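Keep in mind that what you see is a predicted model, and the values were worked out from it rather than measured. Below, each value reflects all heavy atoms present in this structure, side chains not excepted, and no hydrogens, waters or symmetry copies.
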Number of protein chains: 2
Amino acid sequence: MSTGQDYTDARPLQVRMADDLRRKIETGELGQGAQLPTYDDLAREYLCSLAVARKAVDLLRQQGLVITKQGLGSFVRERSAMVRHGVERYARHHWKGIEPATILGAEATNQGRKATRIIRGLGVTPAPALVAERLGIAEGTDVWARKRTTFLDGRPNQLADSYYPLAIAQGTPLMEEETGPGGDFARLDEAGHSPTRIREEWHARMPSGPERAALRLPDGTPVIDFIRTIIDQSGEPVEVMLSVIAGDTTSFIYEFPVPD
Amino acid sequence: MSTGQDYTDARPLQVRMADDLRRKIETGELGQGAQLPTYDDLAREYLCSLAVARKAVDLLRQQGLVITKQGLGSFVRERSAMVRHGVERYARHHWKGIEPATILGAEATNQGRKATRIIRGLGVTPAPALVAERLGIAEGTDVWARKRTTFLDGRPNQLADSYYPLAIAQGTPLMEEETGPGGDFARLDEAGHSPTRIREEWHARMPSGPERAALRLPDGTPVIDFIRTIIDQSGEPVEVMLSVIAGDTTSFIYEFPVPD
DNA sequence: TAGTGGTCTAGACCACTAG
DNA sequence: TAGTGGTCTAGACCACTAT
């Protein structure tokens, strides 16, 4: 066969084609950004129908290796620059220092990126179950919600919804669009609830259709379901953030002592 | 139209069908494990070809919402039980206590799961770049590698490759198949390199074909690329573990104080 | 306009499962 | 055996991009 395939290989043709292409990508024969053969070329080369050639490329798209552009072609996906989220991003001096900034803003700047954000919603809402559990209140209790989308260098990378007990947010800039220098951490601190401990819980999953659209995710890109709880000096949970984070532009680093 | 679709909806039919099905899953009309309509049913209902019905279900598979079983049907995917990895799993008393166990073993037992593992490889190997950087040695320097696959309740959930500087592993049970009670943490401790700090770095991505096969991952399941560095009492890195973790059975929890 | 990927049809035949 | 999903063919036509 012209492809050099072992004819005893019983795998479906579309899988063999995908593996051949994947090998070329991994060896660098097809470098980042390089154009793949067109569907027509693949169909000719492998003596198959267009549908099969398409399916082969689809398999690679689902692995996040390839992107397709209508009218242009299929291309080896380029690795996105990642923001690294470290424990250090929460350090007091970032939000309580000489020139206090938001957590994300300071971190992005440190890594040469630009963070922006829009407010998607602001108001009283019944606490979702995940929030209620962590705030120690009944599901459906009214809480203050602050929903926003954050962007890195113009690309959306996070759908972040923060929830505060009403008694804590009441009368503070947490209820405003702009929370001011130091962001929510500084405002909680001023309100007598100094952020003292952080709990982060997460797992990875594939995005739903609407999430893919909202985060403008390429094919084959997972998201992180992320829950952050801020705990104050008396051990009280004062904010729960539910966040969906674009998986291709985000990495995390934790460093901590071995517990006893 | 029989489906109640707005005829001005310009989205492709396959997408509308997928969204209809997704809505039924999210509202619970199609509960976990419930069978979806067959491709034939869908094609009849939406007056489309089988290929389009198939594509609609494919979209949901890629989101991890649906699994298909040849000869049986398509089903709403059931949420897998997750192991929660917390900072506490590294606690000294787990590997240095009365009845020392492996980190993973102790954690699984606590959560009512059963952890097993096989050794995939054991021997001297040139250090990969990711390892060399973190051990502070030149890429390609010989190190001791210990590659294993871990299982939870019989399902593979992690491809974990640990690398040790030769001088540290030499003459210790780290070179054996069985590292004994307390695992590698206890052996490092005995060798004068007490695990003192942990650094964990990770991001999410889609698995390659071989990884999907090795971890027996359903469609639409991401993996976590996970790098763990163990640092001893003098600040020296003594082990780097490169791991690929099944995303659908793993969640993480970190809790830590806000740094100054 | 030519060339690319995207959607869709109308089939054929194979592989697997349950009864 | 009947019914399901999986692979594949051989087209048609649309949407988008570059020139």
Can you tell which of A:His94, A:Arg113, A:His85 makes a side chain to side chain donor-acceptor pair (under 3.5 Å) with A:Glu107? A:His85
Under 3.5 Å, is there a donor on one side chain and an acceptor on the other for [X] and [Y]?
| X | Y | value |
| --- | --- | --- |
| A:Glu200 | A:Tyr254 | yes |
| B:Asn157 | B:Thr150 | yes |
| A:Thr249 | A:Arg155 | no |

Please compare A:Val52 and B:Gln70 by the position of their nearest nucleotide in DNA chain D and report the one closer to 5'. B:Gln70
Comparing A:Leu72 and A:Ala51 on DNA chain D - which has the more 5′ nearest nucleotide: A:Ala51
Please say which of A:Arg199, A:Arg228, A:Arg146, A:Arg134 ends up in a salt bridge (charged side-chain N to carboxylate O under 4.0 Å, His left out) with A:Glu239. A:Arg228
Does A:Asp248 form a salt bridge (charged side-chain N to carboxylate O under 4.0 Å, His left out) with B:Arg205? I'd like the steps, not just the answer. CA-CA 7 Å; A:Asp248 62 333; B:Arg205 63 171 170 83; over 6 Å; no
For B:Phe252 and A:Phe226, I'd like to know if the aromatic rings sit close, meaning centre-to-centre distance below 6.0 Å. no
Tell me, what's DNA chain D's dot-bracket, Watson-Crick or G-U with both distances under 3.5 Å, | for other-strand, [ ] crossing? ||||||||||||||||||.
With DNA chain C as reference, determine whether A:Thr68 or B:Gly71 sits nearer its 5' end, using the nearest nucleotide of each. A:Thr68
For DNA chain C, note the earliest and the latest nucleotide, 5' to 3', having some atom under 4.0 Å of a heavy atom belonging to chain A. C:dG3 to C:dT7
Step by step, work out the salt bridge (charged side-chain N to carboxylate O under 4.0 Å, His left out) result for B:Arg22 and B:Asp19. CA-CA 5 Å; B:Arg22 189 162 57 80; B:Asp19 279 356; 3.5 Å; yes
